[in-house]
Every structure is written in structure tokens, then in C-alpha cells.
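Inspection log for the structure reproduced underneath, given as C-alpha cells.
As the structure lists them, so they are numbered: ligands from 1, and atoms in each ligand from 1.
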Amino acid sequence: MRVAGIAHLLYLPWITIWVNIEFFWNISSLIDTVTKASDVTNRPETPLLDRVTFPADLKDIDDRDMPKLAAELRAEMIDAVSVTGGHLGAGLGVVELTLAIHKIFNTPEDRLIFDVGHQCYPHKILTGRRESIRTLRQENGLSGFTKRAESEYDPFGAAHSSTSISAGLGMAVASALSGKQRNVISVIGDGAMSAGMAYEALNNAGALDARLIVILNDNDMSIAPPTGAMSAYLARLASGRTYMGMREVGKKLTAYLGKTVDRAITRAVEHARGYVTGGTLFEELGFYHIGPIDGHNFDHLLPVLRNVRDNGQGPVLIHVVTQKGKGYAPAEAASDKYHGVSKFDIITGTQAKATPNAPSYTKVFADALIEEAAHDEKIVAITAAMPSGTGLDKFIDIYPDRCFDVGIAEQHAITFAAGMASEGYKPFAALYSTFLQRAYDQVVHDVAIQGLPVRFAIDRAGFVGADGPTHAGSFDTTYLATLPGFVVMAAADEAELIHMVRTAAAYDEGPISFRYPRGEGVGIDLPERGSILEIGKGRIIKDGGKIALLSFGTRLADCLLAAEDLEAHGLPTTVVDARFAKPLDTALIDQLARNHEVLLTVEEGAVGGFGSHVMQYLAHQGMLDQGLKFRPLVMPDLFMDQAKPEAMYARAGLDRKGIVAAVFRALGTDKAVSSTQA
Ligand SMILES: Cc1ncc(C[n+]2csc(CCOP(=O)(O)OP(=O)(O)O)c2C)c(N)n1
């Protein structure tokens, strides 16, 4: 048994020499609970967790044994994530909450929705997926988020935040329409509560008076410490300054439950931090608001959830206070509470670090922006709750007054940037490609139509590996290059990224974007400061003759490798870095089309992007009628599950081999080549 295995490991005497005492004490006490029972009988007792394959099994676990089960579940989760990497802190914080919900409610008939879904590892272990939990985020393994296709216990997939209340409300209303009496529970974090969508849903739920249970999991953390007035408000609610007396608690709960509350709940709320006085924001929106209660204490969680299940009507919000990273000292001590981790050593908490050959694109971007900001005080930076993910944490340290973390609020981030641009500032909105999707109308309506010079720094463009399809940056070129007046760039390497930051800083005529991928660069020399690129001009990297590879972005490296292979087959190959998808370098495209037999565009994005624009141009010039063999290589038309990036490139046909194969297919020599290679 793995849990017992960890326990054994942790009790080895030599370990005390090595480990930090506080941590040892912490993990020991965690495991102590697991092993105590065996001291009584003098033989190892089957861990409680082994008795739980599905949530229904929790009904047989006595309430008093729940803390012990929680310790085992926590140990199992720590062990699994130490092997796979992934989201650790959020899951550790909801171990008791997840157990309590599954014990009290009847999932999957009752619907349980986790916002973002990054905290769902304990849920996966309890819902028939314990055996495969060590495949998390691996190819053909479990997703790192909730996923409908994976389990009936995941009624709604997620990964982007703040969708759970809307989805839950939809399910609650659908259940009511079909005459079904089921509970719908949406668990949402305080960070996710910074997004407008959460309030749109609360507003609607209050008006519909639907039977929806929202559990606000308040750990006072987003990835970084949360920002904004709402987080300050929640902190005030949880601070105890405004708690009301027990008589009023009873009155409030009686009003919600429609009867006098039972003693257990009264005790629970008494022991917890009480009920908030006055009309809270949630009450004003039509919710009954219970809490804050201690989200790590089963004596509080179980009776409250039982009462809500058995007696509740209308929307209710249970405010639960938890600690991110709870029960694992290195996580509790981390500034981000171990939000996302690579593989790590359980004893020391040390995370495995690949030795990078080159700085990450994110770091290169941040350094370049800091450099530009030193030359131009109008430059400001905006992040939507991702200061470290976008590298802007460094910028904040240097220019605290010129960097704005607006919370998980991408829509607002873009219109906020548009407002600043309209006043002559030079906002760089640094967002992941996938999260910018949420702000598309703001991009169109507030930025593009008004031609405002907002700079879009688009990180995590292309495949992202372990985070899978919800986080892939597949669509940005498609949705931006279709907008009139936009300048759309992609960096081919980290030096190009520096030039693009400078170019964007200098460009004031309208919106401009540049995309760059996750991970490290190719390791070339970097200029101290970028040069301003000529808008709409590409660069020829290598002159060939018969084949032209026109790359947009970082697939350029594989185009160069593919060119070597093609030349080895006697096919002189030109390689070009397009730099711009909009405006297109039409003179360069004309030249490539005229002087080559085959023209391939290569990009790490979905159909409708760079290649489509080139094809549109070629078609209207009549060049596709003149014998040119044109092939646009793009990501395949599917949501590709998580895997190692190399595997994803291979599957997409966007690696060296895939590019060579596409050329041979265009020439009609693919069969001949594969038979000579065989
Ligand atoms: C729309 C969107 N923007 C950004 C993110 C990145 N992100 C993932 S989790 C997270 C923090 C969520 O905080 P909270 O809801 O409090 O959950 P916790 O991790 O604290 O449990 C962020 C910003 C996201 N998933 N979705």
C-alpha cells in the first residue's frame, strides 16, 4: 500500500538528519493519523482509503473517522503529484471539503462542479480514478482538470476559471424543468470570484431562485495573492470583525431552511467563525449566505452540508475558509502555496528542475519590456492574475505603479488597456493565448474598431503539453488576423521576440500583437535592446530554389532542419521567417510563389490563421492556378489531449519529419521516398 509505504519512509530514523524539523513534524503528524489504528491492534490496519473506490463507499465511513481518511487522501495526493507534477496547493486545500461533499451528497446523480478544475485531484481519487492517478497530465492519462469524457463524476469540464456558477445554474434549471429533485453544487475559489462571469451567474441565480448550492472556497489566494476590492471584501467577511451573535445565526439559518436548525448545525456555526452581519453582497443578490465556516473541520462541514441538502430551497452560498497547500509544509510555506509544481521530492519538497539551455520566452519578454519601459514612461503592463506566469512579477518589482494585476478578468483587462491607450499610454496586455479568447468582443469592439494601440503580448501560443487542450494557444492568429487594422506578429526565436517588443512599443497606429510559445528559447545570442522591425516585412533565412518553407513563429527551427533533409534529397529549399501574418509581406510571397515549385506555410496554430491569409492572397493573384503546389500546415482540426510537446508536434505533422513528408506529398513523391527509406 502506497500510503503505508510513505509512512514507513518518513519514519526512517536517518531522515531526521536531513529534513527540516518543522516539515518532518508536519508530515509525521499527517501520517500519524494513518498509522495510529495499527498501534492499537498491533498489526497493520487496512487504510480507510482502500475502502473507498467510489463516493457511495463514504456512507460507510463514520463521521469520526473522516479526519483519518482525509490524512490518507492527502498523503496519496502528495505522493501522486510528486511523481506527475501538476496542481498541488489547490487540491490539498479542499481535501476535507471534497470528502464532505461526496459523503453528504449523492454524486454523480447530484452534480458537483469544480471551478477551474485544478483542485480536483482528491475528487478523482475518490471517484474511481485512484488506480490511474499517477497518469495525471501524461499522454493517454488522466486530465489535470475535470473532463466530461473521463468520468460521469465530472459533469462539467473546466480549466478556465469562473464558469462553475453559470454551468451549475444551467443544470439546476434543467433539472427543475425535467421535474428532477437533484442537488447541484458549484465549488468556486475566491480568485475565480474576481471574474465578471461569476457575478453574471449569481445575479441570474438570485433572480431565478433556483436550487443551487455555491460553495465559495476562500483560501485568500489566487495563483498569486488575490487583488482587488472583492478580495478585500471577502477577507473582511472572513476576518471575524463583522460576525453576528448565535441567536441571529439561528434565525438566519431557520429562514433559509424553513425550520428550526438542528443542534449540530448550531454548534458547527458556533464553533466556526459565525455568521456575517447585515446584508452581504451575496444576500443582496438573492442568496442565503452561510459562513464563513472552517473548511478543514468535519464537525463544521458535515452538519452544514447535511442541513442544506435536506432542507434547503433556493440559491445558497456557503462561505468556506481553507488554506491552500494545507497539510504539506513546503506547500504551506510557499508564496504561491505550491499552485503548480514539477515532480518533487516529498521529504524536502524540492522540485525537479530541468537545466535550461536558454531563458524562457516569458522571461525574455519581461526583460525586453522592462528595457523598453526604461526608455518610455508611457509604457504600462497589464496582467489578469498571472504575474509570474507572464513574467510581469519582475516588471512589478521595478515599476509597481506602471503594472496592473486586474485579477482573473481578461475582458476587463482588455477594455482597461483600451482606456489607457485612448489617453496616450502604451499598454502591453500580457495574456496567455487561451485566456485572451475570453476577451474577444473587447478585442473587436473596444480595441480594433476604435483602432486603439493596445499591445498584445500573447504567451503560451501553440501546444502547451501537460495542460492539454483547454490551455493550448491554438486560435489567436485566426481570431486576430481576421480583424481589420490589426498588426499580427509571431516571434521565431527569443531574439525576434525582443525586436517585436520594441516594434510594438514604437507602433502607435493601432492594435498590434506578438505571440510566443511556452518554454525555453532556442539559445541564440540576445541583443541588449531590440530593433524596430519594418511592419509587414518578412526575412529570408536561407535561399534555395525549388521548395519554399514560409514559417510563422517558432516552427522556424524545424523548417531549417527539414530543409537540411530536403537538400539531402536534392531539393534546394528556401526558408523564410514571415514575422507578420498581418499585414502580409505580399512582395515576398509573390517572389516565393513565382520561383518555387512547392510553397508550404508552417505555423503552430489552427486553420484560419497565417496559411489561410497567404492562400487567400495567392488565390486572388491567380497564383494557385499557375501550377504552384501550395500547402498550408496547421494544427489538426481537433482538441489534442495532453502529451509531451514533441509528441504533439509529431502528431500534428509540424515537426521536421512532418514538414519533409508534406513536401514529398506535394511533389507526389512520398511513396517513392518511403520505399527507398524502407
Ligand atoms: C480565465 C482564466 N484565467 C486565468 C486562469 C489561470 N488560473 C488558474 S487557477 C487560477 C487561480 C484561481 O484562484 P482560486 O479560484 O482562488 O483557486 P485556488 O487556486 O486558490 O484554489 C488562475 C488565475 C484560468 N484558469 N482561467
### Heavy atom of the protein closest to atom 26 (N) of ligand 1 (residue, atom name, distance)
S161 N, 2.9 Å
### Task
Give the contacting part of Q119 toward ligand 1: side chain, backbone, both or neither, where contact means a heavy-atom distance below 4.0 Å.
neither
### Task
State the atoms of ligand 1, each with its element, that fall below the 4.0 Å cut-off from a heavy-atom position in M221.
13 (O), 14 (P), 16 (O), 20 (O)
### Message
Does ligand 1 come near enough to A90 that some N or O of the ligand is less than 3.5 Å from an N or O of the residue?
### Response
no
### Task
Determine whether F105 and R111 make a side-chain contact, defined as any pair of heavy atoms from C-beta on separated by less than 4.5 Å.
no
### Message
Is M193 close enough to touch ligand 1? Criterion: a residue heavy atom under 4.0 Å from a ligand atom.
### Response
no
### Message
Taking OH in Y233 as the centre, count heavy atoms belonging to other residues, nucleotides or ligands within less than 6.0 Å. Is the count above 12?
### Response
yes
### Task
Check step by step if ring pair (Phe, Tyr, Trp, His ring centres under 6.0 Å) holds for F456 and F486.
CA-CA 10 Å; F456 293 85; F486 237 93; 5.5 Å; yes
### Message
For atom 23 (C) of ligand 1, what's the nearest protein heavy-atom neighbour? Residue, atom name and distance, please.
### Response
I408 CD1, 3.4 Å
### Task
Please state whether G93 comes within less than 4.0 angstrom of ligand 1, counting heavy atoms only.
no
### Ligand-residue contact atoms, ligand 1 with G191, heavy atoms, under 4.0 Å
13 (O), 14 (P), 15 (O), 16 (O)
### Task
May I ask you to check whether F435 and H160 place their ring centers less than 6.0 Å from one another?
yes
#### Entry: Proximal ligand 1 atoms for G189, defined as those under 4.0 Å from one of its heavy atoms
14 (P), 15 (O), 16 (O)
### Query
Judged by modelled atom types alone, do H123 and H102 share a side-chain donor-acceptor pair under 3.5 Å?
yes
### Task
Please indicate whether Y399 has more than 12 foreign heavy atoms, meaning atoms of other residues, nucleotides or ligands, lying under 6.0 Å from its OH.
yes
### Message
Nearest non-hydrogen contact with atom 2 (C) of ligand 1 belongs to which option: E410, Q411, H471?
### Response
E410
### Query
Quick one: does H160 get an N or O within less than 3.5 Å of an N or O on ligand 1?
no
### Message
Closer than 4.0 angstrom, basic N to acidic O: yes or no for R515 and D476?
### Response
yes
### Query
Of all the atoms in ligand 1, which lie at a distance below 4.0 Å from a heavy atom belonging to D190?
16 (O)
### Query
Is any NZ, NE, NH1 or NH2 atom of the basic residue among E96 and K103 found under 4.0 Å from an Asp or Glu carboxylate oxygen of the other?
no
### Message
For atom 10 (C) of ligand 1, what's the nearest protein heavy-atom neighbour? Residue, atom name and distance, please.
### Response
I223 CG1, 3.5 Å
### Nearest non-hydrogen protein atom, atom 15 (O) of ligand 1
A192 N, 2.9 Å
### Query
Out of curiosity, is R438 lining ligand 1, as in a heavy atom under 4.0 Å away?
yes
### Task
Taking the side chain as every heavy atom from C-beta outward, state whether D79 and R134 have any atom pair closer than 4.5 Å.
yes
### Query
Can S222 be said to touch ligand 1, with heavy atoms closer than 4.0 Å?
yes
### Query
Between V444 and L483, is any pair of side-chain heavy atoms under 4.5 Å apart?
yes
### Task
Considering only non-hydrogen protein atoms, determine which one is nearest to atom 5 (C) of ligand 1 and report residue, atom name and distance to 0.1 Å.
F435 CZ, 3.3 Å
### Task
Looking only at protein heavy atoms, identify the closest one to atom 21 (O) of ligand 1 and say how far it is in Å.
N219 ND2, 3.2 Å
### Query
Looking at A159, which atoms of ligand 1 are within less than 4.0 Å of one of its heavy atoms?
24 (C), 25 (N)
### Task
Kindly indicate whether the side chain of E139, heavy atoms from C-beta on, has any atom under 4.5 Å from the side chain of M648.
no
### Under 4.0 Å to a heavy atom of H339 - the qualifying atoms of ligand 1, by number
9 (S), 19 (O)
### Query
Heavy-atom distance under 4.5 Å between the side chains of F404 and T383, does that happen here?
no
